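All of these numbers come straight from a predicted model, not from anything done at the bench. In the text below, chain A, chain B and the rest are named by the order of the sequence lines, each starting its count at 1.
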Number of protein chains: 2
Amino acid sequence: MSEPIASFSPLYEQIKAMILASLQAAEWLPGDAIPSEMELAVRYAVSQGTVRKAIDELAAQNLLVRRQGKGTFVATHQEEDWQYRFLRLEPDSGEKLQLKNQFLVCECGKSDSHIAQLLKLKAGDPIIRIDRVQSYAGKPIVFEEIWLPEGRFKGLTLDMLNAWSGPVYAFYESEYATHMVRAEEQIKAVLADENLALHLQIPIGSPLLSVERVAFTYDNKPVEIRHARYDTSDQHYDNKLN
Amino acid sequence: MSEPIASFSPLYEQIKAMILASLQAAEWLPGDAIPSEMELAVRYAVSQGTVRKAIDELAAQNLLVRRQGKGTFVATHQEEDWQYRFLRLEPDSGEKLQLKNQFLVCECGKSDSHIAQLLKLKAGDPIIRIDRVQSYAGKPIVFEEIWLPEGRFKGLTLDMLNAWSGPVYAFYESEYATHMVRAEEQIKAVLADENLALHLQIPIGSPLLSVERVAFTYDNKPVEIRHARYDTSDQHYDNKLN
DNA sequence: CAGTGGTCTAGACCACTTC
DNA sequence: AAGTGGTCTAGACCACTGC
């Protein structure tokens, strides 16, 4: 009888947990429809309203997408309007940002202690390091370093990346069954060093936005580190506060 | 019979609109409890569940705060944990940021066309301009210019600001019945000019985060412009992406 | 027309706060 | 014990999609 510590957990939370487990277990894949509310209600032996509340919250977290008349779908970075869901950079003009990708480096190495800690690995664990430049209107405006745990992204090569057109998160999804759910960014202002100046074709000492991102999958596991530098001469980082 | 354009509006949306209207009309003030779900259900002649859904969404937007057993309250910037709800700056150390305020300027003038446009005024309309510096651990790290429409903030003086201890948004709330609901920020990297270098006690040419904010009240009306510069040597702008 | 999600209701009961 | 929000149910009906 001793219901210990966590004093009380509503039914819909348990349903949420079970749906989440199915997502983690890849029982339903990104883009797929999950079973209807009625089916899930039967499966979990609860009322439709309870399933509904569970799905509502998962949809609010952007893990699921509801489409009236059609069903409820697993969120995917492949979708049109999801393409650059985590990108907050925006031209000052208000136009839509269209980025052109160029991958420069993709090599395997050993992680230093900083990256290892962020990815919850041990220092020295094998890691993939990618460099890329992104251009807008012919001008390079983003230089980005990416670190991935080699275990989850075995066999990744520069050629695969350059063959891919579209967002990197869609690539991870389709090639490595890894769906990014959320991310945390830490932003600073820095000065361009020689290397950055070269890649972004700007003078040394130009101000740049430094954006360090950790991205997470379903189980809240960090699986990607990014360190981007944005040239914000003609664009800005856009943020809504609620 | 001609239900025109907006084809369909659920009941709870209409309830939301009516609650919002009461908030705008200051029928319930920040910090106050609004009537119970049952009372509202009677008032609007709908079921409790419908009122509930309306309140749920307003609470999700941080306009209302639910407290089990106590009631539902109008959100306020006076609350402990709401003090710096819109401030995303955070020490790299992970400690809690404790800012010390110093107001430098508070003067009335005429708005230029840029500020006027953002505040939806006419160029030349009277406007209040405030400068301040904020320090952490004895070091000045934020320089901020603030613009307010003179109409809504009549009689604001430098002395009033310096007499106030606490967040500016709590001040607006208690002195000018103006509650901020959301804000939009545009962030860039810039270099410190002579003036900024002086205020932040850093070398000219140091990299700074430029943060331009527009803050809105209930009716989606912009009522405050801020242009802040953050020294991000030992702190960063923290952002969560979902 | 059948199937999906979306809205609305009415009622029971639980958890938390206050008196 | 009374009052608040929180959970759960069962059932009716509406809106949208696709066959």
(message) Please classify the nucleic acid contact of B/R67 as base, sugar-phosphate, or nothing, using heavy-atom distances under 4.0 Å.
(response) sugar-phosphate
(request) Go through C/dA15, C/dT7, D/dC8 for me and flag the one nearest to the A/L11 side chain. (result) D/dC8
(request) Starting from the C-alpha separation in whole Å, work towards a yes-or-no answer on side chain to side chain contact (heavy atoms under 4.5 Å, CB included) for A/E184 and A/R213. (result) CA-CA 6 Å; A/E184 298 177 359; A/R213 176 193 294 177; over 6 Å; no
(request) Side chain of A/E39 only, please: which of C/dT7, D/dT7, C/dT4 is the nearest? (result) C/dT4
(message) With a 4.0 Å cutoff (strictly under), does any side-chain N or O of B/T50 reach OP1 or OP2 of C/dT9?
(response) yes
(request) Using atom CG of B/D56 as one end and atom P of C/dT7 as the other, report the distance to the nearest whole Å. (result) 12 Å
(request) When you get a sec, tell me which of D/dA15, D/dT4, D/dC8 is the closest nucleotide to the side chain of B/S36? (result) D/dT4
(request) Please state how far atom NZ in A/K16 lies from atom P in D/dC8, giving the value in whole angstrom units. (result) 12 Å
(request) Select one nucleotide: of D/dG5, D/dC8, C/dT4, the one nearest the side-chain heavy atoms of A/S47. (result) D/dC8
(message) Looking at A/M18, I'd like to know if its CE atom is crowded, meaning that more than 12 non-hydrogen atoms belonging to other residues, nucleotides or ligands lie closer than 6.0 Å.
(response) yes
(message) Between P on C/dT4 and CZ on A/R66, what's the gap in Å once rounded to a whole number?
(response) 13 Å
(request) May I ask you to check whether A/Y172 and A/F153 place their ring centres under 6.0 Å from each other? (result) yes
(message) Could you measure the distance from the OH atom of B/Y176 to the CG atom of B/L156? Nearest 0.5 Å is fine.
(response) 4.0 Å
(request) May I ask you to verify if any side-chain N or O of B/K53 is less than 4.0 angstrom from the OP1 or OP2 atom of C/dT7? (result) yes
(request) Provide, to the nearest angstrom, the distance between the CD atom belonging to A/Q48 and the C1' atom belonging to D/dT9. (result) 11 Å
(request) Mind calculating the distance between CZ (A/F8) and C1' (C/dC13) to the nearest angstrom? (result) 11 Å
(message) From C-beta outward on A/K70, which listed nucleotide comes closest to its side chain: D/dT4, D/dC16, D/dG18?
(response) D/dG18
(request) Output the single nucleotide from D/dT7, D/dG5, C/dT4 whose closest atom is nearest the side chain of B/E37. (result) D/dG5
(request) Just compare D/dT9, D/dG5, C/dT7 and give me whichever is closest to any side-chain atom of A/V46. (result) D/dT9
(request) Please tell me which of A/A45 and B/G69 maps to the more 5' nucleotide of DNA chain D, matching each residue to the nucleotide holding its nearest heavy atom. (result) B/G69
(message) Can you identify which nucleotide, out of C/dC8, D/dC8, C/dG5, has its nearest atom closest to the A/Y12 side chain?
(response) D/dC8
(message) What is the separation between atom CG on B/L40 and atom P on D/dG3, rounded to the nearest whole Å?
(response) 17 Å
(request) Can you tell me the distance, in whole Å, between the CG atom of A/L58 and the C1' atom of C/dG5? (result) 16 Å
(message) Just checking B/M160: does its CE atom have more than 12 heavy atoms from other residues, nucleotides or ligands closer to it than 6.0 angstrom?
(response) yes
(request) Rounded to the nearest angstrom, tell me the gap between atom CZ in B/R52 and atom P in D/dG5. (result) 8 Å
